[in-house]
Amino acid sequence: MIGLGYDIHSVCEGNRVFLGGVEIPSEFGLKAHSDGDVLLHAVMDAILGAAGLGDIGEHFPDTDPNFRNADSKQLLKHVISLVCNDYKIINIDCTIIAERPKILPFKDRMRETIADICNIPVIRVNIKATTNEKLGSIGRIEGIAAMAACQIEQINEK
C-alpha cells in the first residue's frame, strides 16, 4: 500500500525552521499551530494514508490547544505507534520545495531522524530538495512545502 502526503506553511518572523525533525537556522520561521515541520507533517500524512487511517488533521487538529507548539517528532512517534503492530514501512520518499534555507547540509540528519523514529534503516528514507524557480508563493519565499510518499506492507491481518 502506498500513501501520499503534502503540507505547506507560510513564513513568519523568526530565525529558524524545523524540517525533518531538524532545527535549521533561517532568516524566517514558519507560521503553524505546531512547530510547522512541513516535512514530518507530509510524512505522517503519507503513513496514515497508506494505512487507511485518515490524516494528521483528524489525529492532531489545529483547533486543539494540546497540540499548540507541538514537537512534530513526537507526533510522528504517535503515528508510528498506530501502525507498527499491523504494518511495516518499506520506504519513505520526500521532496522539500523551498527557495531558502538550503537543505543539502541538513539532509543526512533529516534522514537519520525520520529513520530512527520510524524504526527503519536510513537507506529506506530519501529526501530531495528543489526550489520553485522563483515562481509562485514558494518562489517568492512566502512559504515552504513538502511532499512524501510511503510504501507499507501489512504484517498482521486485522
Side-chain angles (χ1 to χ4, degrees), residues 1-9 11 14-26 28-98 101-130 143-158:
M1 291 154 294
I2 297 173
L4 301 175
Y6 173 83
D7 196 30
I8 187 169
H9 285 288
V11 302
N15 59 5
R16 66 187 176 166
V17 296
F18 292 94
L19 292 170
V22 175
E23 184 177 331
I24 301 173
S26 175
F28 54 81
L30 292 177
K31 184 177 179 183
H33 184 72
S34 67
D35 62 11
D37 190 328
V38 294
L39 182 55
L40 290 189
H41 296 175
V43 167
M44 286 185 269
D45 263 347
I47 294 168
L48 289 167
L53 295 174
D55 61 47
I56 63 173
E58 295 171 48
H59 293 269
F60 316 110
D62 63 6
T63 55
D64 188 334
N66 291 322
F67 302 118
R68 183 95 179 120
N69 299 317
D71 180 342
S72 293
K73 293 188 301 280
Q74 297 305 315
L75 302 181
L76 179 56
K77 286 177 184 179
H78 178 74
V79 168
I80 295 303
S81 76
L82 295 175
V83 301
C84 69
N85 290 327
D86 297 315
Y87 301 97
K88 175 176 109 175
I89 295 175
I90 304 302
N91 74 310
I92 299 171
D93 185 37
C94 311
T95 303
I96 300 168
I97 308 109
K102 292 298 178 191
I103 305 304
L104 183 60
F106 305 95
K107 279 174 50 172
D108 287 341
R109 282 187 27 224
M110 290 179 202
R111 291 177 65 219
E112 291 166 3
T113 299
I114 293 169
D116 182 57
I117 294 170
C118 295
N119 300 309
I120 59 175
V122 71
I123 192 71
R124 292 187 182 188
V125 178
N126 188 52
I127 297 176
K128 304 174 297 291
T130 189
I144 293 178
M147 299 181 293
C150 176
Q151 181 181 11
I152 62 173
E153 177 180 77
Q154 191 166 11
I155 56 175
N156 286 319
E157 291 294 324
K158 289 185 176 184

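Along the sequence shown, residues are numbered consecutively beginning with 1.
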- Note on the structure: Between the CD1 atom in Ile56 and the CG atom in Asp45, the distance rounded to the nearest 0.5 Å is 4.5 Å
- Closest non-hydrogen atom pair between Ala32 and Gly36, with its separation: CB-CA, 3.4 Å
- Message: List the residues meeting salt bridge (Lys or Arg N to Asp or Glu O under 4.0 Å) with Lys128, not counting sequence neighbours, and say none if there are none.
- Response: Asp93
- Under 4.5 Å between any side-chain heavy atoms of Leu40 and Lys73, yes or no? yes
- Message: Using every non-hydrogen atom in the two residues, find where Ile117 and Lys77 come nearest and quote the distance to one decimal.
- Response: CG2-CG, 3.6 Å
- Side chain proximity check, Ile24 to Arg109, heavy atoms < 4.5 angstrom: no
- Item | Verdict with reasoning, Val22 to Thr113, per side chain to side chain contact (heavy atoms under 4.5 Å, CB included) | CA-CA 8 Å; Val22 175; Thr113 299; 4.1 Å; yes
- Residues Gly20 and Asp37: closest non-hydrogen pair is N-OD1, 2.9 Å
- Query: If we only count heavy atoms from C-beta on, is the Ile92 to Cys118 side-chain gap below 4.5 Å?
  - Reply: yes
- What do the steps show when you test Glu58 against Leu48 for side chain to side chain contact (heavy atoms under 4.5 Å, CB included), and what is the final call? CA-CA 10 Å; Glu58 295 171 48; Leu48 289 167; over 6 Å; no
- How close do Tyr6 and Ala145 get, heavy atom to heavy atom, and via which atoms? OH-CB, 3.8 Å
- What pairs meet the salt bridge (Lys or Arg N to Asp or Glu O under 4.0 Å) rule with one or both residues in residues 15-24, with sequence neighbours excluded? Arg16-Glu23
- Item | Check: Val43 and Leu76 side chains under 4.5 Å, non-hydrogen atoms | yes
- Message: Could you go through His9 and His41, starting from their C-alpha distance and side-chain angles, then the distance that decides it, and tell me whether this counts as side chain to side chain contact (heavy atoms under 4.5 Å, CB included)?
- Response: CA-CA 10 Å; His9 285 288; His41 296 175; 3.5 Å; yes
- Contact check, side chains of Ile89 and Ile47, non-hydrogen atoms, under 4.5 Å: yes
- Task: Rounded to the nearest 0.5 Å, what's the gap from NE2 on His33 to CZ on Arg68? Could you check?
- Result: 6.0 Å
- Note on the structure: Closest heavy-atom pair, Glu112 versus Val122, reported as atoms and distance to 0.1 Å, is N-CG2, 3.8 Å
- Item | Working for side chain to side chain contact (heavy atoms under 4.5 Å, CB included), residues Leu30 and Val11 | CA-CA 4 Å; Leu30 292 177; Val11 302; 4.1 Å; yes
- From Phe67 atom CZ to Asp35 atom CG, the distance as rounded to the nearest 0.5 Å: 13.0 Å
- Interatomic distance, Asn156 atom CG to Lys88 atom NZ [nearest 0.5 angstrom]: 12.0 Å
- Query: How long is the span from the CG atom in Asn15 to the OG atom in Ser26, to the nearest 0.5 Å?
  - Reply: 8.0 Å
- Query: Given side chains that start at C-beta, do those of Ile96 and Cys94 come closer than 4.5 Å, heavy atoms only?
  - Reply: no
- Message: Is it true that, when you exclude Ile155 itself, more than 12 heavy atoms of the residues, nucleotides or ligands shown sit nearer than 6.0 Å to its CD1?
- Response: yes
- Message: Rounded at 0.5 Å granularity, tell me how far CD1 in Ile127 sits from CD1 in Ile114.
- Response: 4.0 Å
- Task: For residues Val17 and Phe28, report the shortest heavy-atom separation together with the two atoms involved.
- Result: CG1-O, 3.6 Å
